[in-house]
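Structure record follows, encoded as structure tokens.
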Amino acid sequence: MSDHTHTEVTITFSAAAGLGLQTAEDLARSFLSEAGYYVFSSREYMSRVRGGNNSTQFRISTKPVRALAEHIDWLFALSPGLHSNITENISSRTKILGDADVIGEEISKMGFELIDLALANKAAELGGAYYSSMIVAGVIAGLFMLSDETADTFILQKFAAKGTETVENNKRAFRIGHQFGADIVGKNAVLPLPQQKNASEIFLDGDTALALGAASAGCNYVTTYPMSPGTGLFTFFAKHARELGAVVEQAEDEISVINMAVGAAYAGARAITTTSDGGFVLMSEGISLAGITETPVVIHLAQRPGPATGLATRTEQAGIEVALHAGHGEFPKALFSPINVESCFKCAGAAVHTAQKFQTPVIILTDQYLLDTGYDVERPDPAAIPEPLQPVKAEKGYKRYAFPNDGNGISPFAVPGYGDEFVNFDSHEHTEDAHITEDRALRTKMNDKRLGKLVSMRKESLPPITLGNPDAEIMLVCWGSVFEPLREAFEALGRKDILLIGCEQVYPLAEDFVKLMRSDAKKIFVEGNATGQFARLVRAETGVGCDAKILKYNGFQYSAEELRVRVEKTLKDLGL
Amino acid sequence: MIKTAYDYDGEFSWCPGCGDFKILEALKLALHELEVDPKNLVLASGIGQAAKMPHYMRCNCVQGLHGRGLPLATGIKAANKNLTVIAVGGDGDMYGEGGNHFIHAIRRNPDITNIVCNNMIYGLTKGQGSPTTPRGTKTSTQPFGVTSQPLNPLLLAIAAGATFVARGSAADVPKTKELLKQAIQHKGYALVDIMQPCVSFNKTHSWQWLMQETKWLDETYDPCNLEEAMKLTLQTEPYPLGLFYKTEPRVTFEEVQAPYLSGDDTPLWARKPALDAVKKLLA
Ligand SMILES: Cc1ncc(C[n+]2csc(CCOP(=O)(O)OP(=O)(O)O)c2C)c(N)n1
Ligand code: SF4
Ligand SMILES: [Mg+2]
């Protein structure tokens with residue numbers, strides 16, 4: 001942003017898929033974090049397994065950082081054919097490292113200078129391209145003047161099985177890189193070490209935080225059909241199924257995924273499924289089934305740009321409307337929209353709890369950017385997640401859809417095989433004991449019972465996160481992953497007449513949020529889609545429209561700098 | 001008629017004379033003889049005439065979406081291994097709308113019984129061609145005759161790896177009951193396709209046709225021979241009835257799922273969140 005030169009440094013890696021650079025990135029991220037820096041990391045990648053050009057951005061700072069930056073201080077350009085999202089952000093302050101014979105010409109054509117890494121030669125001397133990754137990690141350690149032994153423990157752990165020669169070569173690779181890095185900066189670290197960092201912090205990305213939140217809530221039935229960027233949640237549960245005690249299944253299609261989850265939840269499992277927009281749409285009828293059968297299921301919808309296959313590995317926030325309207329008929333549901341990594345953990349817990357308490361489908365909207373983004377967070381506390389609700393025993397006379405006396409629409413939840421009575425389930429309009437009915441009065445009453453749950457659900461909706469002046473004349477409204485870049489832009493603007501509002505739940509709208517919308521302030525909605533879906537939902541629900549929209553839908557997340565410029569321009573256009 | 005714990009005394013919406021009544025009778029008798037506790041039994045289905053069966057039996061009645069009875073039943077069984085789970089539906093439900101699930105449920109091998117009431121027609125929606133309707137049959141939606149090749153569900157099931165594949169008939173309750181008993185006792189996925197007349201919409205495959213054009217396998221038939229079983233599925237008029245194929249049970253879907261690996265069969269609802277594991281992952 002304005003001038004962070006003394007408090008932060010950004011490093012961007014751009015390389016073809018399949019080069020194995022992720023080891024270097026993960027290693028560097030963890031040693032920088034351990035050294036005491038705050039590290040924000042975000043990935044963007046192409047929909048291909050090899051080749052192309054993918055990039056990772058690190059923002060390394062002496063203060064907490066949690067959003068994408070635009071400018072590049074250090075660029076590791078390891079494959080030819082840099083993409084425009086990189087070249088647009090190269091400036092005179094960018095130091096570009098790469099192999100002269102790979103990328104020298106490309107860089108000089110752009111009018112910049114290349115620092116020749118001679119990575120291929122260095123790696124070849126050690127025994128092959130295999131060592132490039134450790135050299136790159138070494139260069140980073142050198143730039144920050146960390147010890148050249150920084151990676152020794154890691155190397156030993158990772159390569160011991162491959163023999164001492166591999167271990168020694170990797171150590172040497174790291175030191176060669178280190179020397180190179182240290183020389184570039186003339187032995188002056190690119191960034192001073194911050195004051196002691198909070199020891200209770202831990203690096204987490206959105207995917208992991210979401211999975212851990214779901215696990216803390218007791219999710220023990222996880223199904224998917226693989227689809228980027230939704231697969232990560234499942235991969236986590238599959239890997240840790242034994243510790244977490246979860247049934248995990250990759251089904252034949254999303255229709256099976258949701259129907260299995262509904263079946264499991266009927267029998268008492270705490271079920272979550274994960275997918276992206278295309279697969280989500282295939283689940284529609286199953287979501288409707290969960291609606292009429294009042295079955296608690298959570299669906300994680302990791303949004304990506306559409307229509308159809310769209311941009312398979314990119315990011316977007318265009319799923320609100322499809323999520324809100326998923327499933328025919330009218331029934332209640334809740335839509336959570338975590339705004340950052342901590343919020344992923346919290347919302348996963350809230351989603352499971354809401355689904356159980358109100359016996360209805362709940363959707364969590366995330367996106368590729370949020371799931372692939374990580375930074376240091378206060379270590380989340382599993383005990384802060386509500387404990388799972390226990391089913392009641394089906395005593396004689398139990399009826400699954402009994403009209404409750406208190407009028408809140410929630411019938412006691414029992415499971416088959418526990419108690420003396422049957423626990424029925426029916427996708428038709430049904431009687432209290434779940435048998436088919438065409439009784440008109442009963443139909444109306446059952447529909448009212450289900451929809452009536454929305455009233456109590458709304459009371460428990462997560463209130464919006466707000467920053468700034470509560471009596472401000474201007475409101476910046478966002479939901480989901482736009483929050484952190486917008487927060488940074490908002491802080492950089494430094495205006496006292498703005499209130500920033502970030503929604504972790506977009507449906508039903510929390511009462512506090514509705515109150516804010518009813519104020520006279522000018523409302524600017526900032527969203528990662530082309531039409532302003534949340535603004536439209538808010539208008540439909542409250543009758544209040546927005547004064548301006550800031551939208552983006554090219555497959556990439558906003559950077560904080562970009563948002564500052566766009567917010568400034570919007571304010572100017574509005575005469576504010 | 002023998003009284004069972006499963007008897008329901010309400011109204012039926014099946015047409016008088018429908019084959020489904022006989023299938024229901026055979027199923028209740030099989031469960032009665034096996035002494036399956038109705039509280040522990042889940043009868044799950046999709047949508048169709050046959051799929052209404054759960055409502056006509058006293059047990060845990062589960063009726064989901066058209067074509068989705070198998071995933072629903074699979075989820076139930078994995079959430080609580082101690083339940084006896086049966087998935088029932090029609091030929092359209094199980095082989096048409098749910099065709100993909102049929103193949104993959106067999107591969108996945110949950111310990112459930114799959115009953116398909118095969119009337120070679122869509123009954124509930126009033127007589128359209130189903131995946132098992134013979135070529136040339138004229139229906140309201142195929143007025144010039146069905147042109148697609150009928151599906152051979154038994155052959156498909158064997159090819160997909162089913163370890164128990166049988167065909168019964170609504171016209172023979174005692175023998176079909178015996179097949180159902182064996183299927184319920186079989187560990188893993190078991191298919192029992194049951195031929196039945198639809199008296200309202202399938203004029204070709206009447207009760208008389210069913211009795212004339214089917215033939216029970218005799219005692220000498222060995223169901224353990226894969227190749228013989230496959231050949232047998234190709235026979236028509238008379239259609240063979242009985243246990244076509246049975247082999248060593250394979251590992252079931254649920255028994256190798258993490259929660260049950262240690263031999264602890266506690267249902268998922270009674271399990272606590274693994275907070276210690278989460279804390280370790282956050283360490
Ligand atoms: C998604 C969906 N598509 C179509 C239908 C309409 N439908 C209900 S039952 C059925 C076919 C029934 O045939 P079958 O499964 O053979 O059962 P039968 O009535 O013959 O016993 C159809 C097409 C539906 N309920 N849901
Ligand atoms: S329409 Fe056919 S299958 Fe349906 S109840 Fe009537 S006879 Fe039975
Ligand atoms: Mg049929």
Side-chain angles (χ1 to χ4, degrees), chain A residues 202 208 212 215-221 223 240-249 251-253 255-257 259-271 285-286 289 293 379-380 382-383 385 387-388 390-391 415-428 434-436, chain B residues 10 13 37-42 44 46-47 52 54-55 58-80 82-83 100-101 103-105 107-108 253-254 257-261 267-283:
Chain A
I202 178 176
T208 314
L212 287 168
S216 304
C219 281
N220 53 15
Y221 194 97
T223 48
H240 299 292
R242 296 193 178 185
E243 302 109 277
L244 299 174
V247 169
V248 290
E249 177 66 351
E252 59 274 23
D253 55 36
I255 300 175
S256 183
V257 165
N259 281 277
M260 269 193 204
V262 169
Y266 150 75
R270 295 175 291 265
E285 197 191 15
L289 174 68
T293 60
R379 198 178 304 271
I385 302 280
E387 271 184 46
Q390 286 304 303
V415 292
Y418 179 51
D420 292 325
E421 196 52 88
F422 302 124
V423 179
N424 301 337
F425 167 108
D426 189 13
S427 69
H428 294 91
H435 290 299
I436 306 171
Chain B
S13 66
D37 178 0
K39 308 279 172 9
N40 237 18
L41 173 71
V42 177
I47 293 289
K52 288 180 186 165
H55 293 284
R58 291 192 41 79
C59 67
N60 295 289
C61 154
V62 170
Q63 186 172 20
L65 298 170
H66 185 46
R68 318 302 168 199
L70 281 171
L72 200 64
T74 304
I76 295 167
K77 182 73 186 176
N80 186 350
N82 310 318
L83 298 168
N100 199 26
H101 310 314
I103 296 169
H104 295 281
R107 293 181 47 236
R108 185 172 289 125
F253 168 59
E254 54 282 349
Q257 287 292 339
Y260 306 118
L261 276 180
L268 296 187
W269 64 263
R271 295 178 184 242
K272 297 249 169 309
L275 292 189
D276 288 340
V278 173
K279 279 186 198 134
K280 246 187 221 160
L281 288 163
L282 278 168

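Chain letters run A, B, ... following the sequence lines, proteins first, then strands; residues in each count from 1.
Only the side chain of B:Leu261 comes within contact range of chain A, with heavy atoms under 4.5 Å apart. Neither the backbone nor the side chain of B:Ala44 comes within less than 4.5 Å of any heavy atom of chain A. Heavy atoms closer than 4.5 Å to chain B are found nowhere in A:Val257, neither backbone nor side chain. The contact between A:Leu244 and chain B is made by backbone and side chain atoms together, counting heavy-atom distances below 4.5 Å. Only the side chain of B:Ile47 comes within contact range of chain A, judged by heavy atoms closer than 4.5 Å. For A:Ala251, the parts lying under 4.5 angstrom from a heavy atom of chain B are both the backbone and the side chain. Using a 4.5 Å cut-off between heavy atoms, B:Val62 touches chain A through backbone and side chain atoms alike. Heavy-atom distances place the backbone of A:Ala246, and not its side chain, under 4.5 Å from chain B. Within the 4.5 angstrom heavy-atom criterion, atoms from both the backbone and the side chain of A:Ile436 approach chain B. Contacts of B:Gln257 with chain A are made by side-chain atoms alone, with heavy-atom separations under 4.5 Å and no backbone atom involved. Of the atoms belonging to A:Val415, it is side-chain heavy atoms, and not backbone ones, that fall under 4.5 Å from chain B. Proximity to chain B (any heavy atom under 4.5 Å) is restricted, for A:Gln390, to the side chain, taken from C-beta onward.
With chain B as the partner, the residue from A:Arg379, A:Glu249, A:Glu421 showing the most heavy-atom pairs under 4.5 Å is A:Glu249. Most heavy-atom pairs under 4.5 Å with chain A: of the set B:Asn82, B:Asn100, B:Asp276, B:Leu65, this distinction falls to B:Leu65. Interface check for chain A: of the options B:Lys52, B:Gln63, B:Arg271, the most heavy-atom pairs under 4.5 Å are formed by B:Gln63. In terms of heavy-atom pairs under 4.5 angstrom with chain B, the leader among A:Val262, A:Thr223, A:Leu212 is A:Leu212. Most heavy-atom pairs under 4.5 Å with chain B, from the set A:Cys219, A:Ala261, A:Ala271, A:Pro380: that is A:Pro380. Put simply, of A:Arg270, A:Arg242, A:Glu243, the one with the most heavy-atom pairs under 4.5 Å next to chain B is A:Arg270. With chain B as the partner, the residue from A:Ala215, A:Ser256, A:Gly268 showing the most heavy-atom pairs under 4.5 Å is A:Ser256. Ranking B:Gly69, B:Pro38, B:Pro54 against chain A, the residue ahead of the rest is B:Pro38, based on heavy-atom pairs under 4.5 Å. Comparing A:Gly218, A:Ala241, A:Pro416, A:Gly245 by how many heavy-atom pairs each has under 4.5 Å with chain B, the most go to A:Pro416.
By the 4.5 Å heavy-atom criterion applied to side chains, A:Thr293 and A:Tyr266 are not counted as neighbours. The side-chain heavy atoms of B:Arg108 and B:Thr74, taken from C-beta on, include a pair separated by under 4.5 Å.
What you find for B:Ala79 and A:Ala264 is that their closest heavy atoms are CB-O, 3.5 Å. Listed here is the closest heavy atom pair of A:Ala434 and A:Asp426: O-CB, 3.5 Å. Between A:Val247 and B:Ala78, the shortest heavy-atom contact is CG2-O, 4.0 Å. Of all the heavy atoms in A:Leu289 and A:Ser427, the pair that sits closest is CD1-CB, 3.4 Å. Nearest heavy atoms, B:Asn80 versus B:Tyr260: N-OH, 3.9 Å. Counting all heavy atoms, side chain and backbone alike, A:Met260 lies closest to A:Tyr221 at SD-OH, 3.6 Å.
To the nearest 0.5 angstrom, B:Leu41 atom CG is 8.5 Å from B:Leu83 atom CG. Between B:Leu70 atom CG and B:His101 atom NE2 the span is 8.0 Å, to the nearest 0.5 Å. Taken to the nearest 0.5 Å, the CD atom of A:Glu285 stands 8.0 Å off from the CD1 atom of A:Ile255.
Between A:Tyr418 and B:Trp269, the ring planes are tilted. Angles from 30° to 60° get that label.
For B:Arg58, the CZ atom is loosely surrounded, since the number of other residues' heavy atoms within 6.0 Å does not exceed 12.
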